[in-house]
Amino acid sequence: GRAGEHLYSLSFGLSKIERLAAQHSEGFLQRQESKVGEEEEVVGLEVTCVDWNATGAILLASFGLRDNAGWCNSKGAVAAWNLSSRTFDPRKPSVKVEHSSHVMCVAAHPVKPAVFAAGSFNGEVLVYDTSLPSPLVAASKIDDYFHREPISSLSFVQSPQDATSYVLVSTSGDGKVLYWDIDKLKAPIRGLQILASSNPSSPQLGGTSLSVQQGVGGDMWVGSEGGKVVRVTGRDKAPPKPGKLKACDMKWSSNALQAIYRVPVLQRDELIRQIERRAKSDKRRGVDLTAIYAARPPIPAIFPVGTMFNYKGHVGKVQGLDCSAFSKKVFATGGSDGEVHIYNILSKEPVQVVEAAGKVNAVKWSKTRASVLAWAGEGGVVVSNVTSGQETHMKPLWKEAAKEKEGDGDDEKEKSASTLESLFEPTPFSSLAFNGKVRNLIASGDANGVVHVWRLPEDLVSASPGDMAKFADTFESILTE
């Protein structure tokens, strides 16, 4: 079938749908009581992000509310379902970790199946290992040098020093892109500022989506609240094995030395003195990254402004952005203006613009076929072959469940099915993930807190002869401006 087969709807007690269904069956009275009884009724949560783990057997989902304002005191969560487990239950995640504020994004470690990172509404970066009795391994603080706004995106990127290890890259609405060593989230190992223009006094650009290219100096593409799409050069000026600098009196860790090498030469010696004065007064034995931030250095000195290239972006928020796994020259974006753009990195104008049905909240390239791109939003989940223009719509299961119940001939059931259907349709989808290991699976989360898993038709999974050539012809071989 062309539609893609819906396999699972995953949810649990905190999701909007479970709350609505419970209220629907228990009636109005209970709902009123709960409001009076406790001041803060737990709201039903949306799925904010989904990702598959390194083996492709476990699906991760983060839960929160995407359009929340101010400080967030209500709980969020990350849940994981092991689809290959004998005890798999769509309504009971195999792992569930709650957090004190909403969780806005989640990213699975590329090689460690039990490790994942999450970003909170209040600006914390969190790392979990589900093989441990208490899974939270590390959490960053909320600080002027770290993030103070909701984390909008997290990516694991190969470490430039050592291809077998990974660093975590985070961005948020505060205009910073920070790099973290995942074992120690006490302080970022590196940071960049992203500004609205090349003028150093221009305001920071709030990042709403980010995709980092693996290898190649780690260039990254950032989408913003106001519709801007920019490429930021991630090339690191610090040497991989930094030698001690003359101005250093104390013993400096290699991470701390690298941070100082990134500071403009003219400010370097003065900053070293400032950091060492503070370290001595704090009775530190040497200078590590935490000692640098404790000295409160000027942010522009420690987090240089990334070199940028601007693209013609969207009208309104850029909600999704993803680099092609098959071509270093191609990336795609999706926006609240209802458009999907496909760019060649060397050209300001998009090579292709697709009109979607309503706001687009996520875009993802297939990991197995170059010409396949998916997007999710108000118009549902669409998987498209962008060289032929053929679109495949992934349908959620409510419709089918409601139909089945009608067939029972039981009036009550029929009524409740159609009422439930009216509660949940149409539901915007918020996030997307192709499975890199179990190649024919795609997952998407929706605004009711339900995670959907579909099996893709074979032609969207495996490349046909000439597929790559056609893709390159459409998107790579354009005349640059």
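The first residue in the sequence is number 1, and the count goes up from there. Hydrogens, waters and symmetry mates play no part in the numbers below; they use all other heavy atoms, side chains included.
Considering only heavy atoms from C-beta on, Ile292 comes within 4.5 Å of Trp252 through its side chain. Under the 4.5 Å side-chain criterion, counting only non-hydrogen atoms from C-beta, Ile142 is in contact with Glu124. Considering only heavy atoms from C-beta on, Phe116 stays 4.5 Å or farther from Leu154 through its side chain. Considering only heavy atoms from C-beta on, Arg284 comes within 4.5 Å of Thr290 through its side chain. Side-chain atoms of Leu257 and Cys248, non-hydrogen and from C-beta on, do get closer than 4.5 Å to each other. Put simply, the side chain of Val127 does not reach to within 4.5 Å of the side chain of Trp180, judged on heavy atoms. Taking the side chain as every heavy atom from C-beta outward, Arg91 and Ser11 approach each other to under 4.5 Å. In this structure the side chain of Gln193 reaches within 4.5 angstrom of the side chain of Pro300, judged on heavy atoms.
Not one N or O on the side chain of Ser120 forms a donor-acceptor pair closer than 3.5 Å with the backbone of Ser101. No donor-acceptor pair under 3.5 Å is formed between the side chain of Gln213 and the backbone N or O of Cys323. Side-chain atoms of Arg268 come within 3.5 Å of backbone atoms of Tyr261 as a donor-acceptor pair (strictly under, hydrogens ignored). Of the possible polar contacts, one joining the Trp52 side chain to the Ala433 backbone as a donor-acceptor pair under 3.5 Å is found. Side chain of Glu225 to backbone of Gly173: no donor-acceptor contact under 3.5 angstrom is found. Using a distance-only test at 3.5 Å, with no hydrogens or angles considered, a donor-acceptor pair links the side chain of Ser430 to the main chain of Gly445. Thr48 contributes a side-chain N or O that, together with a main-chain N or O of Ser62, makes up a donor-acceptor pair within less than 3.5 Å. Panel note: side chain Trp365, backbone Phe331; no donor-acceptor pair is recorded below 3.5 Å. For the pair Lys228 (side chain) and Ala196 (backbone), a donor-acceptor distance under 3.5 Å is present. Put simply, the side chain of Ser366 never gets that close to the backbone of Leu373: no donor and acceptor are under 3.5 Å apart.
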**Request:** Starting from the C-alpha separation in whole Å, work towards a yes-or-no answer on side-chain contact (heavy atoms from CB on, under 4.5 Å) for Ile442 and Lys364.
**Result:** CA-CA 10 Å; Ile442 187 170; Lys364 281 283 184 285; over 6 Å; no

**Request:** Walk me through it: do Gln319 and Asn361 pass the test side-chain hydrogen bond (donor to acceptor under 3.5 Å, both in side chains)?
**Result:** CA-CA 5 Å; Gln319 309 264 41; Asn361 293 325; 3.3 Å; yes

**Item:** Pair Phe326-Phe475, ring pair (Phe, Tyr, Trp, His ring centres under 6.0 Å): steps then yes or no
**Value:** CA-CA 12 Å; Phe326 289 87; Phe475 299 107; over 10 Å; no

**Item:** Derivation and outcome, side-chain hydrogen bond (donor to acceptor under 3.5 Å, both in side chains), residues Asn448 and Thr427
**Value:** CA-CA 7 Å; Asn448 284 325; Thr427 303; 3.1 Å; yes

**Request:** Go through the steps to decide whether Tyr166 and Val111 satisfy the test side-chain contact (heavy atoms from CB on, under 4.5 Å), and finish with yes or no.
**Result:** CA-CA 9 Å; Tyr166 287 82; Val111 291; 4.0 Å; yes

**Message:** Applying side-chain contact (heavy atoms from CB on, under 4.5 Å) to Val383 and Trp454, what does each step give before you reach the verdict?
**Reply:** CA-CA 11 Å; Val383 184; Trp454 289 274; over 6 Å; no

**Asked** Passes side-chain hydrogen bond (donor to acceptor under 3.5 Å, both in side chains), Asn82 versus Ser84? Steps please.
**Response** CA-CA 6 Å; Asn82 186 341; Ser84 64; 2.9 Å; yes

**Request:** Start with the C-alpha gap between Val103 and Phe121, add the side-chain angles, then the distance that decides, and say whether side-chain contact (heavy atoms from CB on, under 4.5 Å) holds.
**Result:** CA-CA 6 Å; Val103 184; Phe121 183 86; over 6 Å; no

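Counting all heavy atoms, side chain and backbone alike, Ile345 lies closest to Phe309 at O-CE2, 3.9 Å. Minimum heavy-atom separation, Ala376 to Ser444: CB-OG, 4.1 Å. Across Ser253 and Leu289, no two heavy atoms sit closer than the pair OG-N, 4.4 Å. The minimum heavy-atom distance between Ala295 and Gln274, with the atom names listed, is O-NE2, 2.9 Å. The heavy-atom pair separating Trp81 from Ala61 by the smallest distance is CZ3-CB, 4.2 Å. The heavy-atom pair separating Ser170 from Ile151 by the smallest distance is CB-CG2, 4.4 Å.
With rounding to the nearest 0.5 angstrom, the CD1 atom of Ile194 is 11.0 Å from the OG1 atom of Thr307. Atom CD1 of Ile275 sits about 11.5 Å away from atom CZ of Arg278, to the nearest 0.5 Å. To the nearest 0.5 angstrom, Ile189 atom CD1 is 9.0 Å from Asp236 atom CG. To the nearest 0.5 angstrom, Leu7 atom CG is 6.5 Å from Leu441 atom CG. Rounded to the nearest 0.5 Å, atoms CG (Asn440) and OG1 (Thr368) are 9.0 Å apart. Interatomic distance, Asp174 CG to Asp144 CG, rounded to the nearest 0.5 Å: 10.0 Å.
Under the ring-ring contact (aromatic ring centres under 6.0 Å, His included) criterion, His314 pairs with His341, not counting sequence neighbours. In this view, Glu98 and Lys75, Lys96 satisfy the salt bridge (charged side-chain N to carboxylate O under 4.0 Å, His left out) rule, not counting sequence neighbours.
For the ring pair (Phe, Tyr, Trp, His ring centres under 6.0 Å) condition, the pairs that include at least one residue of residues 276-299, sequence neighbours left out, are Tyr145-Tyr293, Phe146-Tyr293.
Taking a 6.0 Å sphere around NZ of Lys244, one finds it holds more than 12 heavy atoms contributed by other residues, nucleotides or ligands.
By the 4.0 Å N-to-carboxylate-O rule, Asp249 lies close enough to Lys280 to be salt-bridged with it. The pair Asp269-Lys246 does not count as a salt bridge, with every side-chain nitrogen at least 4.0 angstrom from each carboxylate oxygen.
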